[in-house]
Amino acid sequence: MATEAEIYGDLTEIFHDVFMRDDIKLSPDLTAKGVQGWDSFKQIEIIMACEEKWGIKFNTRELDALRCVGDLATMVQKKTA
């Protein structure tokens with residue numbers, strides 16, 4: 001099982017790759033409103049990268065429940081446990 005620190009490290013890499021920027025600092029309460037250019041297409045890219053990275057799949061209900069980066073990190077941790 002990945003630790004919270006490992007998950008945030010990997011999520012940071014994913015966000016940097018998706019947005020092609022290295023200045024994004026992830027925090028549990030970060031939302032799309034806090035990152036310029038984070039739209040529905042970027043959200044799909046983030047989710048697909050997470051599924052590929054950890055070999056997991058999210059269902060629609062899980063995706064609808066995601067409100068912030070902290071929710072995503074928690075979901076990844078549960079699915080990789």
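These numbers were taken from a predicted model, which means no experiment stands behind them.
- Residue Ile46 holds its CD1 atom at 5.5 Å from CD of Gln43, rounded to the nearest 0.5 Å.
- For Glu62 (side chain) and Asn59 (main-chain N/O), a donor-acceptor pair under 3.5 Å exists by modelled atom type.
- The nearest pair of heavy atoms linking Leu72 to Cys50 is CD2-SG, 4.1 Å.
- Shortest non-hydrogen contact noted between Thr3 and Glu6 is N-OE1, 2.8 Å.
- Heavy-atom contacts from other residues, nucleotides or ligands closer than 6.0 Å to NZ of Lys53 number 12 or fewer.
- A distance of 12.0 Å separates CE of Met48 from CD1 of Ile14, quoted to the nearest 0.5 Å.
- Cys68 and Pro28 get closest at one heavy-atom pair: SG-O, 3.2 Å.
- Residues Lys57 and Lys79 approach most closely at O-NZ, 2.9 Å, considering heavy atoms.
- Ile7 and Ile56 end up in the same hydrophobic cluster when Ile, Leu, Val, Met, Phe, Trp and Tyr side chains are linked at under 4.5 Å.
- Phe15 contributes atom CZ, which lies 11.5 Å from atom NZ of Lys42 (distance to the nearest 0.5 angstrom).
- With rounding to the nearest 0.5 Å, the separation of CG in Leu30 from NZ in Lys33 is 12.5 Å.
- With sequence neighbours left out, the side chain to side chain contact (heavy atoms under 4.5 Å, CB included) criterion links Glu4 to Tyr8.
- Checking Leu26, Ile24, Val18, Val69 one by one against Val35, the side chain to side chain contact (heavy atoms under 4.5 Å, CB included) holds for a single residue, Ile24.
- In terms of heavy-atom proximity, Met75 sits nearest to Phe58 at CG-CE2, 3.2 Å.
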Requested in this report: Could you go through the side chain to side chain contact (heavy atoms under 4.5 Å, CB included) check for Ile47 and Leu66 one step at a time?
Outcome: CA-CA 11 Å; Ile47 295 303; Leu66 297 176; 3.8 Å; yes
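- Hydrophobic clustering (side-chain heavy atoms under 4.5 Å, transitive across Ile, Leu, Val, Met, Phe, Trp, Tyr) keeps Ile44 apart from Phe19.
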